Amino acid sequence: QVQLVESGGGLVQAGGSLRLSCVVSGRTFSSIGMGWFRQAPGKEREFVASINWSGGVRSYAGSVKGRFTVSRDNAKNTMYLQMNSLKPEDTAVYYCNRRPDPYDYWGQGTQVTVSP
């Protein structure tokens with residue numbers, strides 16, 4: 001079973017920054033694309049950003065493009081999401097998973113709260 005552990009969330013004011021981490025372990029391959037997702041209360045889980053194995057191909061949702069940067073360190077089995085210029089609408093629980101075709105298993109996520 002694949003294990004996904006997100007961390008780095010917190011409470012920040014609008015305009016602030018956070019860096020999230022996702023550690024992947026278990027039955028998985030290193031040459032796999034990964035992505036970040038988020039879900040706010042009462043809303044559907046949505047795509048945020050993705051990165052391929054080499055880190056050379058990245059994709060972002062239009063709402064975060066230019067503010068967020070996704071990266072990965074395969075030696076550490078870790079993916080990161082640097083979030084700058086945070087907005088209140090970024091408030092959500094952030095999850096990581098395979099992208100596309102996420103694993104059936106989802107981690108607990110990490111809460112990001114941005115105050116006005």
Side-chain angles (χ1 to χ4, degrees):
Q1 183 176 335
V2 174
Q3 293 177 304
L4 305 165
V5 182
E6 302 92 344
S7 64
L11 174 63
V12 298
Q13 292 185 322
S17 299
L18 285 172
R19 188 169 92 148
L20 308 183
S21 297
C22 168
V23 178
V24 185
S25 63
R27 301 180 68 254
T28 186
F29 296 99
S30 61
S31 57
I32 194 72
M34 294 291 292
W36 287 96
F37 306 79
R38 68 186 182 186
Q39 186 170 26
K43 296 185 178 181
E44 299 290 324
R45 180 183 287 117
E46 65 176 352
F47 165 77
V48 176
S50 65
I51 186 169
N52 73 331
W53 177 80
S54 67
V57 181
R58 304 174 186 183
S59 184
Y60 300 93
S63 59
V64 307
K65 194 171 186 178
R67 299 187 297 119
F68 292 9
T69 302
V70 62
S71 61
R72 67 191 298 170
D73 185 340
N74 291 336
K76 297 181 178 179
N77 296 121
T78 304
M79 177 177 63
Y80 306 95
L81 184 67
Q82 179 65 48
M83 306 186 295
N84 299 324
S85 302
L86 283 163
K87 304 175 180 180
E89 49 264 45
D90 294 319
T91 296
V93 177
Y94 284 69
Y95 302 89
C96 63
N97 213 319
R98 184 173 64 177
R99 175 73 177 178
D101 302 318
Y103 299 111
D104 290 336
Y105 172 86
W106 290 83
Q108 291 185 303
T110 184
Q111 177 71 51
V112 172
T113 302
V114 185
S115 63

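All figures in this text were calculated on a predicted structure; none of them were measured in a lab. Quick note: numbers below take in every heavy atom, side chains included, and nothing from hydrogens, waters or symmetry partners.
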field: Listed partners of R67 passing salt bridge (Lys or Arg N to Asp or Glu O under 4.0 Å), at least two apart
entry: D90
- request: Mind checking salt bridge (Lys or Arg N to Asp or Glu O under 4.0 Å) for E89 and listing every partner two or more places apart, or none if nothing turns up?
  value: none
Connected via hydrophobic side-chain network under 4.5 Å: [X] and [Y]:
{"X": "I51", "Y": "V2", "answer": "yes"}
{"X": "Y94", "Y": "Y105", "answer": "yes"}
{"X": "V64", "Y": "L18", "answer": "yes"}

task: State whether the side chain of N97 and the backbone N or O of Y103 hold a donor-acceptor pair below 3.5 Å, judged by distance alone.
output: yes
message: Checking the side chain of T91 only, and the main-chain atoms of V114 only, is there a donor and an acceptor separated by less than 3.5 Å?
response: yes
Can you list, pair by pair, the side-chain donor-acceptor contacts under 3.5 Å of residues 4-17, counting residues two or more places apart and other chains?
{"from": "E6", "atom 1": "OE1", "to": "G109", "atom 2": "N", "distance (Å)": "3.0"}
{"from": "E6", "atom 1": "OE2", "to": "C96", "atom 2": "N", "distance (Å)": "3.0"}
{"from": "S17", "atom 1": "OG", "to": "N84", "atom 2": "OD1", "distance (Å)": "2.9"}

Pairs in or reaching into [range]: which pass disulfide bond (SG atoms under 2.5 Å apart), with residues at least two apart or in two chains?
{"range": "residues 42-79", "result": "none"}
{"range": "residues 34-94", "result": "none"}
{"range": "residues 48-80", "result": "none"}

T113: side chain to side chain donor-acceptor pair (under 3.5 Å) partners, not counting sequence neighbours: Q111
statement: The side chain to side chain donor-acceptor pair (under 3.5 Å) partners of S25 (sequence neighbours excluded) come to Q3
Euclidean distance, [Y] [atom2] relative to [X] [atom1], rounded to 0.5 Å:
{"X": "F37", "Y": "L81", "atom1": "CZ", "atom2": "CG", "result": "12.0 Å"}
{"X": "L20", "Y": "W36", "atom1": "CG", "atom2": "CH2", "result": "4.5 Å"}
{"X": "D104", "Y": "Q1", "atom1": "CG", "atom2": "CD", "result": "9.5 Å"}
{"X": "R98", "Y": "M34", "atom1": "CZ", "atom2": "CE", "result": "9.5 Å"}

- request: Check whether any side-chain heavy atom of Y80 sits under 4.5 Å from a side-chain heavy atom of T69, and report yes or no.
  value: no
query: What pairs of residues pass the salt bridge (charged side-chain N to carboxylate O under 4.0 Å, His left out) test when at least one of them lies in residues 40-66, not counting sequence neighbours?
result: R38-E46
field: Sequence-distant partners of F68, ring-ring contact (aromatic ring centres under 6.0 Å, His included), two or more places apart
entry: none
message: Under a 3.5 Å threshold, yes or no: a donor from one side chain and an acceptor from the other, between N74 and R72?
response: yes
- prompt: Applying the side chain to side chain contact (heavy atoms under 4.5 Å, CB included) test to M79, which of V70, V24, V23 qualifies?
  reply: V70
- request: Not counting sequence neighbours, which residues clear side-chain contact (heavy atoms from CB on, under 4.5 Å) with S59? List them please.
  value: F47, S50
statement: Taken in chain and number order and not counting sequence neighbours, the residues that satisfy side-chain contact (heavy atoms from CB on, under 4.5 Å) with Q108 are none
